[in-house]
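Taking it in order: structure first as structure tokens, then the write-up.
Quick note on labels: first sequence line is chain A, next is B, and so on, each numbered from 1.
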Number of protein chains: 2
Amino acid sequence: MSHTNHHVPTIVIGRLPLYLRALTQLAVEGRRVTSSQELSEKLGFSSAQIRKDLSYFGEFGKQGTGYEIEFLENALREILQVDRVWNMALVGAGDLGHALANYDGFELRGFRITAIFDSAPAKIGAMLGNWRVLPMDTLRETVRAQKIYLAIIAVPAAAAQAVADELVQGGVRAILNYAPTTLSVPPQIKVFHIDPVAGLQSMTYYL
Amino acid sequence: MSHTNHHVPTIVIGRLPLYLRALTQLAVEGRRVTSSQELSEKLGFSSAQIRKDLSYFGEFGKQGTGYEIEFLENALREILQVDRVWNMALVGAGDLGHALANYDGFELRGFRITAIFDSAPAKIGAMLGNWRVLPMDTLRETVRAQKIYLAIIAVPAAAAQAVADELVQGGVRAILNYAPTTLSVPPQIKVFHIDPVAGLQSMTYYL
DNA sequence: AATCCTTTGTGCTTTTTTTCCCAAGTCTTG
DNA sequence: CAAGACTTGGGAAAAAAAGCACAAAGGATT
């Protein structure tokens, strides 16, 4: 079967990291094998959906047994291209930028911040984690020189579009956007938005 | 037409906060009126989808003209129940907790942190923003006494489930979960997950 | 007041996503 | 080694979501 060739729906791709996360958790607990049924209970997706999602990429399980955890973990890492560590630029050295720069959960899951930028003279030059905060006007060339393809925007909404434009100019291809605003970027650039308030608002609807 | 009665798909509810966010932005820019077409360009959803989503709740626009921004904003705030300010508990006073406690973007969009908890003796008693960090073992009763129905979990993954259990015991009905793990809660409790790494991983697939 | 340009709300169609279901294969037990 | 208990992968059906397209109506212009 010619897996991988078909276009895989975005919604499926969005679930793979959650499968991977659950598998890693199981592995840490010392487990060797799991099943779509068990993952289903852990994650809240149906077991059929998990099996079908995986079937877009190949056959990873064994009938009657389930999935060998380490094997499936590695397969998913390869599919998602996180079988390596990606360097990232962080733009914005405020409270959120600090939290992100100090977060130790990136590295094991395929990411690492290697350049930090801010526009405030008071912050430029200061150390944040292992890195010195650089001025915004060096962003484009630094990102290009270091071949950084991923960036995190952690600046106020009003500044976010200008930052995105600079990042794209520097060759960044995917942006994790914490600013509560939509970004306008060329179609080949990926953007993932994180807006906690939007999440909260969609929950209060149900209260 | 008996709007509002039909069950509204979750996916529609998830888009409403984005519509509201865009409308507020337009209002700040001094705009009075907009159209599904303009919102479509700003947000990246089709104009038909925006109109259909809104039609679940009533008729807010005027043919030939579009939508009166302030009117639609207020309607959405009412629908989402953010025409008030919800008190929230924040659990976890680490870097992320600090960033959240100091974030000034909550209040205008319907939320406010009014109680902060941590388990580390070193942090308990310290001030964070306007609030003193309280010990975890006062969580349940404090949340119940203050009638807090929303909470943010900003603790390590390993501690998240226990925190969630306490929150639910205290009467919390919706949780914004920053811990990179699935939470197991009773079905009537809403959980919204924020996992930046999962977002990054779903983007690297395409690089 | 007629014409033209706009834009909504929605019935209908198409596409996407999820679920159902089972043949086929694996493992365990007696 | 036969029987029974599991579990996968995937075709087919069902359900959900998105998009199309247009009647109806507002407003501007002549």
Quick check for you: among [options], whose closest atom lies nearest to any side-chain atom of [X]?
X	options	answer
B:Ile11	C:dG9, D:dA17, C:dT17	D:dA17
A:Gln63	C:dG25, D:dG27, D:dG10	C:dG25
A:Arg51	C:dC12, D:dG10, C:dT19	D:dG10
A:Glu59	C:dT7, C:dT17, D:dG9	D:dG9
B:Ser35	C:dT8, D:dG19, C:dT19	C:dT8
B:Thr65	C:dC12, D:dG10, D:dG27	D:dG27

Could you tell me the separation between the [atom1] atom of [X] and the [atom2] atom of [N], rounded to a whole number of Å?
X	N	atom1	atom2	result
A:Asp53	D:dG9	CG	C1'	13 Å
A:Glu68	C:dT26	CD	C1'	15 Å
A:Leu72	D:dT7	CG	P	16 Å
A:Gln49	D:dA16	CD	C1'	13 Å
B:Leu39	C:dT8	CG	P	9 Å
A:Arg15	C:dT16	CZ	C1'	11 Å
B:Phe45	D:dA18	CZ	P	9 Å
A:Glu38	D:dT7	CD	P	10 Å

Could you tell me if [Y] and [X] have a donor-acceptor pair between their side chains, going purely by distance under 3.5 Å?
X	Y	answer
B:Glu29	B:Gln25	no
B:Thr181	B:Gln161	no
B:His98	A:Asp95	no

**Prompt:** Does atom CD of B:Gln146 have more than 12 heavy-atom neighbours, drawn from other residues, nucleotides or ligands, at distances under 6.0 Å?
**Reply:**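 Counting other residues, nucleotides and ligands, CD of B:Gln146 exceeds 12 neighbours.
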
Determine: side-chain N/O of [X] to OP1/OP2 of [N], distance under 4.0 Å, yes or no.
X	N	answer
B:Lys62	C:dT6	no
A:Tyr67	D:dC6	no
B:Ser46	D:dA18	no

**Residue met sooner reading DNA chain D from 5', once A:Ala48 and A:Gly64 are mapped to nucleotides** =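 Nearest nucleotide further toward 5': that of A:Gly64.
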
**Item:** Polar pair under 3.5 Å, donor/acceptor by atom type, side chain B:Lys52, base C:dT10
**Value:** no

**Sugar-phosphate only, base, or nothing, as touched by B:Ser36 at under 4.0 Å among non-hydrogen atoms** =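 Here B:Ser36 touches the backbone only, sparing every base.
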
**Request:** With A:Arg112 as the cation and A:Phe106 as the aromatic partner, state whether NZ or CZ is under 6.0 Å from the six-membered ring centre and within 45° of the axis.
**Result:**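 So A:Arg112 doesn't make the cation-pi contact.
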
